[in-house]
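Being a predicted model, the structure only gives us computed values, none of them experimental. Residue indices begin at 1 and follow the sequence shown.
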Amino acid sequence: MINKTLNNIFKGDKVIWMVFFFLCIISVVEVYSASSQLTYKGGSYLAPVLKHIGILVMGIFCMVVTLNIKCKYFKIVTPFLLILSVLLLIWVFFAGQSTNGASRWVGFLGMQFQPSEIAKGTLVLATAQILSAMQTEKGADPHAFKYILVVCAFIVPLILVENFSTAFLLCMVIFMMMILGRVPMKQLGQLLGVVVLFGVVMFVMIMLVGNDKKDVNSDQSLTEQTTEVVVKRENVFDKVFHRFGTWKGRILKFSDKTYIAPADVDLDKDAQTAHANIAIASSNVVGKGPGNSVERDFLSQAFSDFIYAIIIEEMGIMGAVAVAFLYIVLLFRTGRIANRCENNFPAFLAMGLALLLVTQALFNMCVAVGLAPVTGQPLPLVSKGGTSTMINCIYVGVILSISRSAKKKYKADEPVAAGSVALA
């Protein structure tokens, strides 16, 4: 009776469930360990992790609800989500709450959430629908490329203004989806050329317009970093270009390869990168053990953007590899699920969402180990968060829904198909 009840709750691909629960366990342990600053502020050891567990429980509830929705119904909500996403992004542009110089949050009924999290999944959903609807024997219809760009034009620029890294990663995911959707290579090549040209223009504008102000995410003291900063801007020009100074500072810092002796490192000026490097270097390969991190007391975003550095410090190289491996398993397992789908839409949607999660995770890891500039990208399903954690749980729920409800390429009564499904 109990097994039947559990099977009714935990539907879908069992490997995806295992990866999800392993990430949740790591998340609870590391957030509890890395939340020392929140503990100091609130005066409670358990309050930060209990709040995080509560968000995870709500996320799991949303995931279970989502996986019980048949795949075909996701198409119906696409136009409504597109309209909602654009309206929310416009709302946050003009009236969003600003933290560390970036307006990314809106408040509603006492809750804060990031519209960009909703917009990312919506754009993937719309792209999957366009690619699936316009597939031919020779690949995607050339018009599919234009329709995807039109949809992106309504969402990506609004995200780009406040969050360059999120917009960049989202564009990478959409580009990879178009490759999987067999969009003509000529069109993809032209798009790549335009993107490179746009990147050069953006770089020049950032270096010219940016005022080279200090990066509030990495240069200020810990007190300044954790204090919410609300900035009033007088005109649209300021709203569009106010992040250029921050981006310029990050580019200059990342491109500066001047050797600095450990004794000469300014721990106040380069707080995040310096303490992240110390956390990694002091792990001594095997790690200090869960809960024994030292640098968590100095990293302002130890429980969020730099939680991977804390994972390395406490769990060593093997722990870091294990976490990265879980995301790779998630991607490849989703690929097998997509490969078994009879229809194109669920296959493209599952791969798009998996790529969205995995590319963000890999980018967060690169930032933590110094292979990418410092940005505000959390580690999906591991970092402490509100909106992002719940939305990521919903993404996993969609993948699980596809794994159980999407039509398979082979019928269950065929011997070869039965063997294939069993092996998968």
query = Could you walk me through whether Ile311 and Val382 pass the side-chain contact (heavy atoms from CB on, under 4.5 Å) check?
reply = CA-CA 10 Å; Ile311 291 174; Val382 175; 4.2 Å; yes

task = List the steps, then state whether side-chain contact (heavy atoms from CB on, under 4.5 Å) holds for Val173 with Leu123.
result = CA-CA 10 Å; Val173 170; Leu123 188 54; over 6 Å; no

inquiry  = Pair Phe145, Leu191 - check side-chain contact (heavy atoms from CB on, under 4.5 Å), show working.
reply    = CA-CA 10 Å; Phe145 177 76; Leu191 176 62; 3.8 Å; yes

request  = Tell me, with the steps shown, if Met172 and Phe175 meet side-chain contact (heavy atoms from CB on, under 4.5 Å).
outcome  = CA-CA 5 Å; Met172 282 185 57; Phe175 187 81; 5.7 Å; no

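Proximity of Thr122 to Leu84: side-chain heavy atoms (C-beta onward) are nowhere separated by under 4.5 Å. The side-chain heavy atoms of Phe74 and Leu125, taken from C-beta on, include a pair separated by under 4.5 Å. Between Ile60 and Val64, some side-chain heavy-atom pair lies under the 4.5 Å cut-off. Counting heavy atoms from C-beta on, the side chains of Phe345 and Cys71 come closer than 4.5 Å. Between Ile280 and Val369 the shortest side-chain heavy-atom distance falls below 4.5 Å. The side-chain heavy atoms of Asn392 and Leu357, taken from C-beta on, include a pair separated by under 4.5 Å. A heavy-atom distance below 4.5 Å is not found between the side chains of Pro373 and Val367. The closest side-chain heavy-atom distance from Phe154 to Leu89 is not below 4.5 Å.
Nearest approach of Leu356 to Thr359, heavy atoms of both residues: O-OG1, 3.4 Å. Nearest heavy atom pair, residue Ser85 against residue Ala119, reads OG-CA, 3.7 Å. Leu331 approaches Ala354 most closely through the heavy-atom pair CD1-CB, 4.1 Å. Closest non-hydrogen pair, Pro380 versus Pro378, comes out as CD-O, 3.4 Å. Nearest heavy atom pair, residue Cys62 against residue Ile394, reads CB-CG1, 3.8 Å. Closest approach of Met351 to Leu180, counting heavy atoms only: CB-CD1, 4.0 Å.
Side chain of Arg404 to backbone of Leu67: a donor-acceptor contact under 3.5 angstrom is found. Of the possible donor and acceptor atoms, none in the side chain of Arg182 sits under 3.5 Å from a partner among the backbone N and O of Gln135. Formation of a donor-acceptor pair under 3.5 Å by the Tyr395 side chain with backbone atoms of Gly121 is found in this model. Between the side chain of Ser383 and the backbone N or O of Ser304 there is at least one donor-acceptor pair closer than 3.5 Å. Proximity of a side-chain donor or acceptor of Arg333 to a complementary backbone N or O of Leu330 within less than 3.5 Å is not detected. Of the possible polar contacts, none joining the Ser401 side chain to the Gly397 backbone as a donor-acceptor pair under 3.5 Å is found. Gln187 contributes no side-chain N or O that, together with a main-chain N or O of Val183, makes up a donor-acceptor pair within less than 3.5 Å. In terms of modelled atom types and a separation under 3.5 Å, the side chain of Tyr308 and the main chain of Leu379 share no donor-acceptor contact. Side-chain atoms of Glu313 come within 3.5 Å of backbone N or O of Val294 as a donor-acceptor pair. Between the side chain of Asn284 and the main chain of Val286, no donor-acceptor pair closer than 3.5 Å is present.
Inspection of the Asn68 and Thr66 side chains reveals no N or O donor paired with an N or O acceptor under 3.5 Å. Side chains of Gln360 and Lys120: a donor-acceptor N/O pair is present below 3.5 angstrom, by distance only. Checked by atom type, the side-chain pair Ser33/Glu314 shows a donor-acceptor distance below 3.5 Å. Looking only at atom types and distance, the side chain of Gln377 has a donor-acceptor partner in the side chain of Thr166 under 3.5 Å away. Looking only at atom types and distance, the side chain of Glu117 has no donor-acceptor partner in the side chain of Thr387 under 3.5 Å away.
Atom CD1 of Ile278 sits about 12.5 Å away from atom OG of Ser283, to the nearest 0.5 Å. The line from CZ of Phe303 to OH of Tyr32 is 16.0 Å long, rounded to the nearest 0.5 Å. Between the NZ atom in Lys384 and the CD1 atom in Ile53 there is a gap of 11.5 Å [rounded to 0.5 Å]. Taking CD1 of Ile402 as the start and CD1 of Ile69 as the end, the distance is 11.5 Å to the nearest 0.5 Å. We find the CG-CE distance between Leu56 and Met63 to be 10.0 Å, quoted to the nearest 0.5 Å. Distance check, rounded to the nearest 0.5 Å: CG of Asn364 to SG of Cys366 gives 9.0 Å.
When the shell of 6.0 Å around CZ of Phe168 is examined, it contains 12 or fewer heavy atoms from other residues, nucleotides or ligands. Within a 6.0 Å sphere centred on NZ of Lys288, heavy atoms belonging to other residues, nucleotides or ligands number more than 12. For Phe21, the CZ atom sits in a packed shell: over 12 heavy atoms of surrounding residues, nucleotides or ligands are nearer than 6.0 Å.
Relative orientation of the Trp17 and Phe20 rings is perpendicular, given thresholds of 30° and 60° on the angle between their planes.
Of the options Ile155, Val161, Val156, a side chain to side chain contact (heavy atoms under 4.5 Å, CB included) to Ile159 is made by Ile155 and by none of the others.
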